[in-house]
Each structure stands twice: as structure tokens, then as C-alpha cells.
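Below: one structure, written as C-alpha cells.
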There are 4 protein chains.
Amino acid sequence: MPTPATPDPTRRNDAVRRAILAAALDQVGEVGYAKLTIERIAKTAGVGKQTIYRWWPSKGALFFDAFLDLAGDGEAAALPDTGDLAADLTLVLTATVAELNDERLDRAMRALHTEIVLDQTLAADYATRLDNPMRELKKARLRAAQDAGQLAADVDLEVAVDLIWGPILNRWLHRTAPLTSEYAEQVVDTALRGLQPRPTSGPDR
Amino acid sequence: MPTPATPDPTRRNDAVRRAILAAALDQVGEVGYAKLTIERIAKTAGVGKQTIYRWWPSKGALFFDAFLDLAGDGEAAALPDTGDLAADLTLVLTATVAELNDERLDRAMRALHTEIVLDQTLAADYATRLDNPMRELKKARLRAAQDAGQLAADVDLEVAVDLIWGPILNRWLHRTAPLTSEYAEQVVDTALRGLQPRPTSGPDR
Amino acid sequence: MPTPATPDPTRRNDAVRRAILAAALDQVGEVGYAKLTIERIAKTAGVGKQTIYRWWPSKGALFFDAFLDLAGDGEAAALPDTGDLAADLTLVLTATVAELNDERLDRAMRALHTEIVLDQTLAADYATRLDNPMRELKKARLRAAQDAGQLAADVDLEVAVDLIWGPILNRWLHRTAPLTSEYAEQVVDTALRGLQPRPTSGPDR
Amino acid sequence: MPTPATPDPTRRNDAVRRAILAAALDQVGEVGYAKLTIERIAKTAGVGKQTIYRWWPSKGALFFDAFLDLAGDGEAAALPDTGDLAADLTLVLTATVAELNDERLDRAMRALHTEIVLDQTLAADYATRLDNPMRELKKARLRAAQDAGQLAADVDLEVAVDLIWGPILNRWLHRTAPLTSEYAEQVVDTALRGLQPRPTSGPDR
DNA sequence: TGGTAAGCGAGACGGTACGTCGAGTCTTAAG
DNA sequence: CTTAAGACTCGACGTACCGTCTCGCTTACCA
């Protein structure tokens with residue numbers, strides 16, 4: 001007996017599905033997530049409301065799918081590895097900072113973030129589909145750095161990732177201060193070298 | 001005729017105000033922020049809707065006030081300073097972790113967080129009334145550590161604060177993994193010592 | 001404890017009530033009862049849908065009220081009594097025929113009729129508020145005719161009323177043939193004199 | 001290319017047709033005409049919606065067909081003619097009264113009636129297929145009575161039919177009072193003899 | 001006897017209206 | 001002037017059916 005909530009997906013019209021996801025992203029950029037209604041998405045996509053409700057249980061789930069469809073393509077690459085960890089991280093974080101400073105992307109990501117924060121189900125889905133794969137890439141780069149002797153061998157990579165990316169995300173979310181590439185540099189530098197004073201005896205080595 | 005938008009605050013009935021704030025907090029814990037409506041708060045508080053609209057511009061602002069009323073008491077103290085920075089930070093973060101693991105407080109803080117993330121006005125208000133004062137306390141403790149030679153003199157304190165508190169908040173928000181005091185310890189330790197390998201031939205050992 | 005379905009009527013805004021009833025009648029004439037929607041009435045009346053649902057349980061009940069408001073005024077008069085029963089009845093029925101031939105009134109009355117036919121509650125209400133009072137007037141006129149010796153004393157007045165008005169209403173409803181004043185005359189004449197052959201002995205008297 | 005509006009009737013699956021008509025009648029009795037939907041009929045009949053739309057233009061037309069299928073059988077006979085007009089009419093009307101007092105038939109006939117009242121097209125169809133044939137039977141019986149000298153020769157038979165059947169249908173529709181065979185008798189009696197006083201000095205007595 | 005053109009069950013689709021909920025405004029009556 | 005109460009307009013919610021459409025499938029007819 002099939003679950004009535006999830007109708008036969010083989011009958012699904014994919015053009016309609018894509019139109020809906022596109023409309024959702026489009027309208028988030030247009031009016032913001034708070035004013036994004038199912039009715040507006042349906043109208044923009046030229047679709048009946050029922051068609052949306054047939055395939056998604058909530059605005060959050062729909063938007064979530066829309067965003068992940070967007071993000072999922074092309075992110076599969078690995079992080080750069082020139083041999084210089086600090087430089088590579090700075091590069092990556094600078095790119096992230098640029099993305100987060102894009103008006104439309106900023107809106108969409110904030111919306112996605114709040115959905116995830118409030119809904120455990122979406123959080124788990126997000127972790128599986130986007131966050132964990134990204135974390136693996138980050139950890140792979142850090143592991144390479146460990147092998148190259150640029151990172152302490154006993155550092156927990158989970159903590160390391162949080163230490164580098166956490167501050168950026170936090171400043172972005174809370175708008176504590178403008179999010180600049182200088183800040184990204186500072187974070188990388190400080191995270192790598194630590195907050196404690198370096199030993200005064202002799203130069204860095 | 002006075003501006004209707006800002007009624008004479010001296011006339012305000014403070015018992016009513018407290019009843020409203022209490023109802024707001026109560027009902028967030030009860031049904032969650034998404035289902036928290038002005039009408040529900042009014043009914044719970046035994047108050048007319050107009051009374052709420054007279055004094056607060058939005059649900060977010062009201063909830064915000066309610067939360068700050070709660071948080072404002074008792075947080076005025078400085079951070080502990082036993083002379084051992086790492087221990088002090090671990091203590092503080094462990095307390096934070098405990099708070100964030102409390103069901104009702106978790107819900108309320110997530111709600112507050114999402115409001116802030118989406119609303120620049122509230123973000124500014126939050127910074128002024130809660131985040132900046134807290135940051136000053138944190139920075140004061142770190143500055144003391146600098147004076148005591150436990151922290152590098154050239155470290156930017158803003159970055160230092162982000163490096164220590166950012167990872168905790170992020171893991172809480174995204175539920176990447178359970179938020180434990182062990183994790184707090186690891187973060188403090190790693191942030192202080194840095195990710196890079198410590199020189200093997202030096203006074204450290 | 002007041003019934004939640006019927007809120008305090010003293011607070012009711014009567015201008016709004018009248019606007020709704022007027023809009024209902026107006027739009028029945030405009031688009032017909034089948035295409036008459038609550039939404040259309042609300043829009044025409046410049047009123048929120050909720051206001052309609054607050055005071056009426058269904059489209060039928062609303063339309064019913066609208067119609068009776070219209071019909072209730074001015075119908076209080078008695079039927080004409082010139083002493084000539086046949087002439088008086090013909091006059092009354094001719095007027096009725098004229099009303100039923102008016103496009104807009106025809107539509108409204110058909111709508112009312114179907115509501116009454118399908119809904120016992122409305123039928124009872126209709127009887128109380130409109131049909132019974134009208135029947136009383138009709139019976140009063142016939143009783144006067146009995147007193148004047150123009151109507152058989154042993155005739156059941158209920159049956160008499162049905163015999164005179166029934167054919168008219170039926171032809172109107174089923175459109176068996178055009179509804180003319182000639183037909184009305186014929187009905188009155190035949191009902192009064194009966195279908196059986198009159199005695200041939202001597203003229204009518 | 002054949003007109004899509006009129007599919008080849010020779011191909012029609014008659015079992016399906018009967019299932020649909022049966023489902024329509026069944027569900028009218030079950031939930032009433034107002035809640036009778038095409039979708040419900042289709043589901044009950046185990047039939048796709050398209051199959052219904054292929055053969056009927058509207059719910060009214062479908063129900064109409066269903067009803068006439070039911071009524072068409074057995075009604076072909078003539079009205080009884082024992083030579084006693086009054087007795088024959090009373091017999092027929094008593095049977096009609098019994099039918100109209102049957103719960104399920106009552107529902108179905110009310111539904112049919114309202115469709116006819118509101119839809120001129122159906123009214124014409126109804127006249128052609130059911131009402132006119134019945135009227136002819138009625139008029140034939142009355143004509144026989146005229147020939148037998150039981151009915152005035154100058155009476156318009158259309159009016160006569162209306163005078164006899166109209167009151168019954170009206171009382172049924174409006175539920176003015178319970179529909180009994182006594183009432184039927186009274187109507188026949190009064191219609192035949194007329195409302196006016198009979199001359200006291202004459203052959204009648 | 002096999003190809004093909006219906007009829008058919010199923011159900012997704014774009015729509016319209018439903019009846020409900022809550023937002024934010026306005027009015028009334030009590031204090 | 002503030003307050004509780006609640007009616008008001010408005011807009012979105014999520015659901016039910018409408019009538020159209022497309023999909024495989026079965027079932028005749030015709031070559």
C-alpha cells in the first residue's frame with residue numbers, strides 16, 4: 001500500500017518541478033523569505049497550489065529542495081591544495097565571504113539557515129545532503145596538511161573545521177561587524193597559530 | 001495630540017507589561033515560536049490585542065523584549081578570573097553548553113536567533129542590548145589574560161572572541177554533533193594553542 | 001455561556017450587514033445563483049469573508065436572509081377586496097405573474113426556491129417568515145368570500161389556496177408553457193367553477 | 001478526425017455506463033445531491049473521471065440520465081380508466097404521494113427538480129423525455145372523461161392537469177403540510193367540483 | 001491474425017472557491 | 001487615557017473538486 005502523502009513519483013512532471021523550485025528561489029531573492037508564500041510561488045511558477053502541496057509538505061521543505069538543487073551542482077570539487085595551507089584556506093574563505101556578501105544569495109542562505117535551525121528533520125537532511133559532504137572535503141584538505149606537517153597531528157579535525165569556519169558563519173549571521181576578506185585572513189592566521197604567545201626564544205624556528 | 005505610535009510610557013501599566021512578556025515566554029516553550037501568535041499571547045496574558053500592538057511593533061520585538069528581560073537579570077557580572085585563562089573559559093563555556101541543552105531555553109534561544117538573523121533592526125538592537133555588553137565582558141577577560149602574558153599581545157580580541165565562542169554557537173545551531181562540555185574543553189584548548197604543530201625543540205617541553 | 005457560532009449581535013455593524021445582503025441580491029441578478037460565491041459577495045460588499053462566515057452558516061442562509069429582507073417590507077398589506085372574488089384573484093395573480101416574468105426577480109426566486117426545496121431548516125424558516133403570513137392573507141380573503149356567499153362554505157381553505165396558487169407556481173418552475181395573465185385568468189375561473197360540467201337545466205341562474 | 005465532443009457511441013461499454021448511473025443514484029441517496037461530486041461517482045463506480053466527462057457534459061445531465069433510466073421503466077402504461085374519473089385520479093395521486101414519501105426517492109426527485117428549475121436546457125430535455133409524455137397520458141384520461149360527460153367540454157385540458165397535479169407537487173416541494181392521500185382526495189374533489197357554492201335548488205341534490 | 005485506434009482506470013495538472021486562521025486596525029464600554 | 005473585548009478588512013493557509021491532459025492497458029475492428 002503506497003503512502004498517500006507521497007504519490008507515485010514516476011508520474012511526476014519534471015518541468016513543473018523545476019519551474020516550482022526556480023520560482024521559489026527567484027521570489028526569495030525578490031521579496032525575502034518572510035514574504036515568500038506558497039501562493040506566490042505557485043503564481044510565479046504558473047502552477048496550481050495543489051501541485052506544490054502534492055510534492056512538498058511545507059514551504060520550508062520546498063525551499064530547502066530548491067536551494068540544495070542549486071548548491072548541489074558543481075560543489076563536488078575538492079578544496080584547493082597548493083601545499084600552502086594558510087593560503088588555500090584564505091582563498092576558500094575569501095570566496096565564501098564574497099558569496100555571503102551577495103544580496104540575493106545572502107537572503108536565500110539566511111532563509112535556509114533559519115529553517116534548519118528550527119526544524120530538526122531539515123537539519124538532518126541538510127547534514128546528509130550538503131553539510132557532511134562539505135565537511136569531508138574540508139577534513140580531507142586538513143588531513144593532507146597534517147601529512148605535510150603543516151598541522152599538528154593530534155588535532156581533532158572536527159574541532160579544526162569548526163575553529164576555522166565557525167567564526168565566519170557567526171559573524172555573517174549576527175552581523176557583528178562587516179564580513180571582509182581581511183577578517184577571513186585574520187581568522188585563518190589566528191586559528192592556525194593559536195591565541196597563546198609564541199615562545200620568544202628564537203625566531204619561528 | 002501626541003503621536004499615536006509612541007504612547008505616553010508613564011501611563012503604562014507595568015503589571016500588564018509583565019503579564020505579556022511572561023505569556024510570550026510561556027507559550028514559546030509550550031508550542032514553539034512558529035505557532036506563537038499575538039492572539040495566543042493576548043489570550044494567555046488575559047489582555048486585549050491592542051494593548052500589545054500599542055507597545056510593540058511586531059511579534060519579534062515583543063519576544064525579543066521578553067527574552068532580554070529574562071536574560072538581563074544576573075548576567076551583569078564579569079567573567080570569572082582565577083588567573084588560569086583556559087580553566088576560566090572552559091568553565092564559562094561549560095555553563096553555556098548546559099543552558100543550550102535545556103529544552104525550553106533551547107527553543108527560546110533558537111527563536112530569538114532566527115528573528116535576529118532575518119531582521120536587521122532586531123540584530124542591531126540585540127547587539128546593543130545584549131551581545132555587545134557580553135562581548136565587552138569577554139574581551140575584558142581576554143585583555144586581562146594579555147596583561148598576564150597568557151595571551152599573545154598582538155592578537156585581535158574580536159577575532160579571539162569569535163574563535164572561542166563561534167564554534168560552540170555553530171555546533172548548537174546546526175546540531176552537527178552533540179554539544180558537550182568535552183567539546184567546549186577541546187575548543188578552548190585548540191583555540192589557545194593553535195592548529196599548527198608546536199616546535200618540538202623549545203622551552204615548551 | 002454564549003454559543004460561539006452566534007457572536008454577540010449587539011456589537012454587529014449594521015451597515016456592513018446591509019452591504020452584504022445588498023451585494024448578495026445584486027450578484028444573484030448579475031451572474032445567477034450557481035455562480036454566486038461567498039468570495040464574490042464579500043468582494044462586492046467590500047467586506048472580509050470572515051465577516052460573512054461570522055454571521056451566516058452558508059450561502060443559502062445568507063441569500064435567504066437577503067431575499068426575506070427585501071420581501072418582508074411592504075408585503076404586510078391585505079389582499080384586495082372589491083367584493084368580486086374572481087376579479088380580485090385575477091388581479092393578484094396577474095401581478096404575481098408579472099413579478100415572475102422579471103428576469104432578475106425570476107433568478108432570485110428560483111434560487112430561493114431551490115434552497116428551500118433542499119434544506120428543511122430553511123423551508124421551516126421560510127414558512128414562518130414569509131409563506132405562512134402570506135397564506136393567512138390569502139385565506140382571509142377567501143374567508144371573506146365565504147361570508148359573502150361567493151365561495152362554498154364547506155371548502156377547506158388550505159386546499160382552496162393550493163388550487164389557485166399551485167398551478168401558477170408550477171408552470172413558472174417547470175416552464176411548461178409561457179406564464180401569462182391569460183393563464184392566470186383561466187386558472188382562477190376553472191378553480192372557482194370546477195372541472196365538472198355545469199347543470200344544463202337553466203342558465204347559470 | 002472525428003469531433004472529440006461526440007465519441008463513437010458504438011464503442012461504448014454499456015456495463016461502465018450502467019455502473020456510473022447506478023453510482024450516481026446510489027450516492028445521491030447516500031450523501032445528497034449537494035455533496036454529490038463527479039469524483040465521488042467515479043470512485044464509487046470504479047471508473048476514471050474522463051469516462052464520465054466523455055459521455056456527459058455536467059453533473060446535472062448525468063444525474064438526469066440516471067433518474068430517467070430509473071423512471072423510464074414501467075411508466076409507459078396509460079392511466080387507469082374504470083369510468084369513474086374521481087376514483088381513478090385519486091388512485092393515481094395516492095400512488096404519487098406514496099412515491100414522494102419514500103426517503104430515497106424524495107431526495108432524488110428533489111435533486112432532479114432543482115436542476116430543472118435552474119437549468120433551462122435540462123428543463124427542455126425533461127419536458128421532452130418525461131413531462132410531456134406524462135402530460136399526454138393525463139390529458140388522454142381527461143379527454144376520455146370529457147367524452148363520457150364527466151368533465152366539462154369547454155375546459156382547457158392543460159389547465160385541468162395543472163389544477164389537479166399542481167397542488168400536490170407544490171405541497172411536496174414546500175412541505176407546507178404532510179403529504180397524505182387524504183389531501184390527494186380533497187384536491188381531486190375540490191378541483192372537479194370547483195370552489196363556488198353549488199346551487200341549492202338543482203338536480204345535484 | 002496482427003496492427004491500430006478507440007475506450008478505459010488512474011491520476012497529475014492549472015484553476016477556483018472553500019472555510020479557517022491570524023495580522024493589524026478600529027470601536028465600544030468599563031475603570 | 002488605558003484597558004479587555006471583539007468586530008472589521010485583508011491575505012494566506014491547506015483542502016476539495018472542477019474539467020483537461022497524458023499515461024499504459026485492454027479490447028474490438030479491419031486489413
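Every chain is numbered from 1, with letters handed out A, B, ... down the list of sequences.
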*asked:* Less than 4.0 angstrom between a side-chain N/O of B/Thr51 and OP1 or OP2 of F/dA4, yes or no?
replied: yes
*Rounded to whole angstrom units, what separation is found between the CH2 atom of A/Trp56 and the P atom of E/dC13?*
9 Å
*asked:* Using OP1 and OP2 only, check whether a side-chain N or O of B/Thr37 sits under 4.0 Å from E/dC21.
replied: no
*Between A/Lys43 (NZ) and F/dC13 (C1'), how many Å, whole number?*
15 Å
*What orientation do D/Tyr126 and D/Phe64 show, parallel under 30°, tilted 30 to 60°, or perpendicular over 60°?*
perpendicular
*Can you tell me how far P of E/dG22 sits from NZ of B/Lys35, to the nearest Å?*
10 Å
*For A/Ile41 and E/dG14, give me the distance from atom CD1 to atom P, rounded to whole Å.*
14 Å
*Go along nucleotides 24-31 of chain E 5' to 3' and tag each nucleotide: B for a protein heavy atom under 4.0 Å from its base, S when only backbone or sugar atoms are that close, - otherwise.*
BBB-B---
_Give the residues of residues 110-121 of chain B touching DNA chain E, defined as any heavy atom closer than 4.0 Å, sorted by residue number._
none
*What is the distance from CG of C/Asp14 to P of F/dA7, rounded to the nearest Å?*
15 Å
*Between A/Asn13 and D/Asn13, who's closer to the 5' end of DNA chain E by nearest nucleotide?*
D/Asn13
_Closest-nucleotide ordering on DNA chain F, the 5'-leading residue of C/Gly46 and A/Arg40_ = C/Gly46
*A/Tyr33 six-ring centre to A/Lys59 NZ/CZ under 6.0 Å and within 45° of normal*: yes
*Should C/Arg54 be listed as having a side-chain N or O under 4.0 Å from OP1 or OP2 of F/dC8?*
yes
_OP1 or OP2 of E/dG11 under 4.0 Å from side-chain N/O of A/Trp55_ = no
*Cation-pi geometry met for B/Arg17 and B/Trp55 (6.0 Å, 45°)*: no
*For A/Val47 and for B/Leu36, locate the closest nucleotide of DNA chain E by heavy-atom distance; then report the residue assigned to the nucleotide nearer the 5' terminus.*
A/Val47
_Residue met sooner reading DNA chain F from 5', once B/Ala45 and D/Thr10 are mapped to nucleotides_ = B/Ala45
_Rounded to whole Å, please give me the gap between CD1 in A/Ile52 and P in F/dT15._
13 Å
